[in-house]
Amino acid sequence: MDPSGGGTAKRLALWPEPHFLPASIRAPCARLFHNFPSQRNAMSQDTATTQNADTPETSSAIPKAYEPAAVEAAWYQRWLDSKCFQASPDPAHPDRAHAIMIPPPNVTGVLHMGHLLNNTIQDILTRRARQQGKAALWLPGTDHAGIATQSRVEKELRKTGKTRHDLGRDAFVAAAAAWRDKHGGIILEQLQKLGASCDWSRRVHTLDPGYSRAVLQAFVTLYDRGYIYRGKRMVNWCPVSLTGLSDEEVIMKPRRGIFYKMRYEIVEFPGQFLEIGTTRPETIPGDTAVAVHPSDPRYAHLVGKHVWRPFPRARIPIIADNAVEKDFGTGVLKITPAHDKADFEIGQRHNLPIIEVLNPDASLNELAGPGLAGLDRDVARTKAAGMLRELGLLLKEEPYENNVGYSERADVPIEPRLSEQWFIRYPKVEEAKQAVINGHVHFHPERWSKVYLHWLNNIQDWCISRQLWWGHRIPVWYRNGADRDIPANRHVSLTPPADPENWTQDPDVLDTWASSWLWCLATLGWEKPGDTNDALRFWFPTTALVTGPDIIFLWVARMIMASLEFHGEEKTTLSDDEIRRRIPFRHVYFNGIIRDAQGRKMSKSLGNSPDPLELIAKFGADGLRIGLLSIAPKGTDILFSEERVSQGRNFCNKLWNAARFRQMQGEETPAGANPSLATLASRLAPADIDTDDHAILEALANATDTIHDALESYDFNTYTETLYHFFRTHYCDWYLETIKTRPAGAKTTLLAIQDIVLRQLLLLLHPLAPHITEELYHRLGYCAPEDFIQNTNPGTGAGLRQTLAAAGIVLSPSALAETNRLREFVTAARAIKTQNNMAARRDLEFHFIPKDGASAGLIQRHLGKIQKLAGASRFDIAPPADGEGPQASALPAGPAAATSLGTLILALAPDVSVDTAAEQERLTRELARLEKLVAAGAARLANAAFTSKAPAHILEGARAQLAETQSKYDEVKRLLAALG
RNA sequence: GGACGAAUAGCUCAGUCGGUUAGAGCGUCUCGUUUACACCGAGAAGGCCGGGGGUUCGAGUCCCUCUUCGUCCACCA
């Protein structure tokens, strides 16, 4: 800056413009001294000089609009440089513990709308806790995402014409790791753009050595405790990923297909047929029976006989089993034990042979016979139907829609397949229920606990082995050439056997969720031996988990069970107190799922998912955060619309300008003051304080309490709504406007009030909009240049009241009520003007007939203010109309309104033309409305049941209301009469 | 089939213990550049609180029932 720049220089000193600077010298600390020219350091001198040199023309203008990009980037870097987000355990003060573990995004992922909402909420909780002096840890990390990552890397590989088998296991895993290292950090970098205050020094990845050790240790421990077993079972097989899946990774989708009705000839009665329906004729070669219900009279005589399976032609028995539904289809079910879960169970009961006709990739093998072998299952289906037709066995084909399980990742129908897998029988199921029932783990919204409990009540064993290479390899070795089913031939351990040449390790890896279910424990180093882990002891159980309800089974429930099982000594059952100490988190907040404006899920294929980084560029991270939170309803899904998110940006701009307005009025804060609330309060001159000052401080104290309660109860709606309403309605729309009408003598007091309000508002808003609040907090001089807003606690409304009382200002709710009456009065005056097309005129006179002396006094005291706010040149205040009020004949003619303070009438003048008919119509409508209210109120009070049973304050309220309504009614009636 | 949720202004949603005349934002209409802000301000219009029944002095709120929509779970070939 050119120090001889005159007025320009002076204004820049008050309100400099950092984002005009080139990025290289846009050091945030340079801005910190703008309020305090004497303290400006060499660096800010440099930047100022460069600024002038760079932008000689524009630099004289004070920016009217908030430009977030530079401010956000600069502050984020400064926070990182100052280690603002790093948390340390404080074992001496356990009540300072506050921890949130980020739901680890997939390394394959990029930031989407759901992440924005989810992480904004975590940031709010963390930053708020930090302000409150907690040792607030928000731990970031990523998930290795077994299937997703492996699929991505294999896809890349296929472009070079290779498969993972060409590379071999070690080389493939290395390639996947390289891919992860290159792409896996993107999402966390994107989170930084959002302003996420994670402790990046503690970043964890599920394949980190320590974390991996924890995962394997948990496996070994569960194995030793008898919760893990291996067995040949029907699993959900993904023919694309070529691995088994857990039930939770299968999603049911309706699928249109064909229902084939066919007939099989009965062996014992040639020429007679049994009619059978199926949707999967390609599995006929795998059929080893047909089944009917035991009590079905139609087929009772056939049980024990046989039918001819058409291809390959063979005799298969007719059996009876209760699983068959008599009323469905023909009541006859073909049994394919190898390729259907229910059929497998029936097969077990009847000792049926199992014929696998499908390959792992869902093509048919040679057992399917010459016509079908080698074909894909879908092609084979049509072909098989054709073969039936040729044999004269196909009776009917009809369109049919049924639900089919799809692989969540690969989005293809899964195939039930018999395979050798590892399973977990879940530990601590009962305790996991108790943890939620007894309120140790609290769900928000609470209703999700029903979904959680329902799943636990019907829990099935968990298939945890995956036929993949990318993940935690199962720590089990089998003795070469020996029977694997005999435990002595297995080596289950964190370390390989001493004679590795005699053993072969299980080739499978663990389900990703079998690593992420340890997230809260393993991120804090649970696997480290001994009792010296301060972090774990201090932060566990963590404070809150913020996630989507869609992973309540996949993740939330499993984490609770894992933690109950692993955190502490081995115990088969846990007492309530032990449950309380072993839970992974005390609160679970389920955020809604973000959908587009039409309510559809955000998806890449629909192209309805906006790019979060573009949104940040457009609205600023703070604007986006505010906008997103303000449209997020409490328990349900969120319909996203960019238009509505722009509100957040508008809010930031408004806040910026309110601060700018304060700044433009002058600088009462001595250089380097770093004023506390008490300092600011001490500048208030009680003699200069009026109703509106009281009211805004009262509203501020109320908002502080409301926000405190809202955040304590995870009610983010109320949090944002309260901020929004207080700032816009109370502060900007009314209070700041009244300031413009106040006498010059009160300036110091008015500046102090603005400082108190803005300072408190910034403190309250900071968790939601961290960057702009930090920027303004410094610009307005509310903290020392080297300090941060996060180090100040917003405190409570009571604290605020106390500090003000100590300075001689005792707040009371009556000021708010008075201000509301003044607002109603001003609004009525403005409305009269607008309704008569004179909104822009400022020379109009009003008659005011006060209801009573108090009303007259109130208006009299605020007369100058009201004249300016209403845009009137004069209010002619009549003597108070106590009692009956003036006769209609005594009323001046003119458009009028009845307010709770009295009657307001626009004074007619030669150049004031009034549409009498319209006015009459308006008053008539108003009269009718009031008449209804009076009637309803009177009827209620005439009801003895009401007056005898209703509580006193309701009764009193009803009487007061009726009186006021009645008086307005009388007034409007008189006005109408006066009108003619 | 079972469970859960939703239905309030044109749109998206608040409305906590049942209590005064049901609120907000956006949108719409009219007006406006005055000591910050047009990313702004002022004013207005706009509601059978999904339908029906019940409890109560009093119901958007509690109970029953029906309708529509959404989500999850389980699924019959």
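Because the structure is predicted, anything quoted here is derived from the model rather than measured. Naming: A, B, ... by sequence-line order, numbering from 1 per chain.
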Query raised in the report: Quantified in whole Å, what is the P atom distance between nucleotide B:A24 and nucleotide B:A42?
Result: 13 Å
Query raised in the report: Is any NZ, NE, NH1 or NH2 atom of the basic residue among A:K618 and A:E642 found under 4.0 Å from an Asp or Glu carboxylate oxygen of the other?
Result: yes
Report task. Round to the nearest Å and state the distance from A:I593 atom CD1 to B:G5 atom C1'. Result -> 13 Å
Query raised in the report: What is the nucleic acid contact for A:C732, judged by heavy atoms within less than 4.0 Å: base, sugar-phosphate only, or nothing?
Result: base
**Report entry** Nearest-angstrom distance from the residue atom CZ of A:F553 to C1' of B:C72
**Finding:** 7 Å
Query raised in the report: If the P atom of B:G60 is compared with that of B:G23, how far apart are they to the nearest Å?
Result: 13 Å
Query raised in the report: Considering only B:C73, B:A36, B:A77, which nucleotide approaches the side chain of A:T278 most closely?
Result: B:A77
Query - Nearest-Å distance once atom C1' is located in both B:C64 and B:A22 - result: 25 Å
Query raised in the report: For A:K326, what residues pass the salt bridge (charged side-chain N to carboxylate O under 4.0 Å, His left out) criterion, not counting sequence neighbours?
Result: none
Query raised in the report: NA contact type, A:T965, heavy-atom cut-off 4.0 Å: base, sugar-phosphate, or nothing?
Result: base
Query raised in the report: Given atom CG of A:L941 and atom P of B:U21, what is their separation to the nearest angstrom?
Result: 10 Å
Report task. Look at the aromatic rings of A:H725 and A:H730 and report parallel, tilted or perpendicular, splitting at 30° and 60°. Result -> perpendicular
Query raised in the report: Rounded to whole angstroms, how far apart are CG on A:L933 and C1' on B:A22?
Result: 13 Å
Requested in this report: Please work out if A:D733 contacts a base, only the sugar-phosphate, or nothing of the nucleic acid, heavy-atom cut-off 4.0 Å.
Outcome: sugar-phosphate
Report task. Measure distances between side-chain N and O atoms of A:E737 and base N and O atoms of B:A42, and say whether any donor-acceptor pair falls under 3.5 Å. Result -> no
Report task. Rounded off to whole Å, could you give me the CG-to-P distance for the A:N837 and B:G32 pair? Result -> 9 Å
Report task. Mind telling me whether A:W455 and A:F553 have parallel, tilted or perpendicular rings, with 30° and 60° as the class edges? Result -> parallel
Query raised in the report: Can a salt bridge be assigned to the pair A:E926 and A:R929 using a cut-off of 4.0 Å between side-chain N and carboxylate O?
Result: yes
Query raised in the report: When all nucleic acid strands are considered with a 4.0 Å heavy-atom cut-off, which category describes A:N402: base, sugar-phosphate, or nothing?
Result: sugar-phosphate
Query - B:G46 to B:U28 separation - C1' atoms, rounded to the nearest Å - result: 9 Å
Query raised in the report: Where does the angle between the aromatic ring planes of A:F726 and A:Y731 fall among parallel (under 30°), tilted (30 to 60°) and perpendicular (over 60°)?
Result: parallel
Query raised in the report: Side chain of A:L639: nearest nucleotide among B:C72, B:U12, B:A77?
Result: B:U12
**Report entry** Listed nucleotide nearest any side-chain atom of A:A950, set B:G19, B:G43, B:C37
**Finding:** B:G19
Report task. Starting at the 5' end of RNA chain B, write a dot or bracket for each base, bracketing those in Watson-Crick or G-U wobble pairs whose two distances are under 3.5 Å and using | for partners on another strand. Result -> (((((((..((((.....[...)))).(((((.......))))).....(((((..]....))))))))))))....
Requested in this report: Describe the nucleic acid contact of A:R649 in one word from base, sugar-phosphate, nothing, applying a heavy-atom distance below 4.0 Å.
Outcome: base
Query raised in the report: Taking N and O atoms by type only, does the side chain of A:N403 place a donor or acceptor under 3.5 Å from a partner on the base of B:C75?
Result: yes
Query raised in the report: Can we say A:E282 and A:K334 salt-bridge, meaning some charged N sits less than 4.0 Å from an Asp/Glu carboxylate O?
Result: no
Query raised in the report: Quick one: A:Y719 OH to B:C13 C1', roughly how many Å, whole number?
Result: 20 Å
Report task. May I ask you to evaluate whether A:Y400 reaches the phosphate of B:A77, defined as a side-chain N or O under 4.0 Å from OP1 or OP2? Result -> yes
**Report entry** Comparing A:W734 and A:N650 on RNA chain B - which has the more 5′ nearest nucleotide
**Finding:** A:N650
Query - Sugar-phosphate, base or nothing in reach of A:F651, heavy atoms under 4.0 Å - result: nothing
Report task. Kindly say whether, by distance alone, the side chain of A:K654 makes a donor-acceptor pair under 3.5 Å with the base of B:C39? Result -> no
Report task. Flag this pair as yes if the NZ/CZ of A:R649 is under 6.0 angstrom from the six-membered ring centre of A:F619 and inside a 45 degree cone about the axis; otherwise no. Result -> no
Report summary line: Between A:S246 and A:R558, the two heavy atoms sitting closest are OG-NH2, 4.1 Å
Requested in this report: Determine if the base of B:C17 is syn or anti; take syn to mean the glycosidic torsion is within 90° of 0.
Outcome: syn
**Report entry** Nucleotide B:A44, atom P - distance to CE of A:M838 in whole Å
**Finding:** 15 Å
Query raised in the report: Any Lys/Arg nitrogen of A:R728 or A:D733 sitting under 4.0 Å from an Asp/Glu carboxylate oxygen of the other?
Result: no
Requested in this report: Can you tell me, in whole Å, how much space there is between the C1' of B:G41 and that of B:C48?
Outcome: 35 Å
Report task. With the side chain of A:M252 defined as its heavy atoms from C-beta on, choose the nearest nucleotide among B:A36, B:C39, B:C75. Result -> B:C75
Query raised in the report: Heavy atoms under 4.0 Å, any strand shown: does A:R595 hit a base, just sugar-phosphate, or nothing?
Result: sugar-phosphate
Requested in this report: Determine: side-chain N/O of A:Q647 to OP1/OP2 of B:G25, distance under 4.0 Å, yes or no.
Outcome: no
Query raised in the report: Using a cut-off of 4.0 Å on non-hydrogen atoms, how would the nucleic acid contact of A:R728 be classed: base, sugar-phosphate, or nothing?
Result: sugar-phosphate
Requested in this report: Nearest whole angstrom, please: distance from the P of B:C26 to the CZ of A:F640.
Outcome: 17 Å
Query raised in the report: When the C1' atoms of B:A7 and B:A44 are considered, how many whole Å apart are they?
Result: 29 Å
Query raised in the report: Honestly, is A:K740 close enough over A:F661, meaning NZ or CZ under 6.0 Å from the six-membered ring centre and within 45° of the axis?
Result: yes
Requested in this report: Go through the N and O atoms of the side chain of A:S713 and the base of B:U16, and report whether any donor-acceptor pair is under 3.5 Å.
Outcome: no
Query raised in the report: Quick one: is B:C4 close enough that its OP1 or OP2 comes under 4.0 Å of any side-chain N or O from A:R447?
Result: no
**Report entry** Listed nucleotide nearest any side-chain atom of A:P951, set B:G19, B:A77, B:C4
**Finding:** B:G19
Report task. Classify the nucleic acid contact of A:P549 as base, sugar-phosphate or nothing, counting any heavy atom under 4.0 Å across all strands shown. Result -> nothing
Query - Euclidean distance for P, B:U61 against B:U55 (whole angstrom) - result: 15 Å
Query - Pairwise P distance for B:G10 and B:U68, with rounding to whole Å - result: 23 Å
Query raised in the report: Counting side-chain heavy atoms from CB outward, which of B:U21, B:A42, B:C76 is closest to A:R830?
Result: B:A42
Query raised in the report: Between B:C37, B:U35, B:G43, which one does the side chain of A:T834 approach most closely?
Result: B:G43
Query raised in the report: Which part of the nucleic acid, if any, lies within contact of A:A840, taking any heavy atom under 4.0 Å across all strands shown: a base, the sugar-phosphate backbone alone, or nothing?
Result: sugar-phosphate
Report summary line: Residue pair A:N943/A:F661 against RNA chain B: nearer the 5' end by closest nucleotide is A:F661
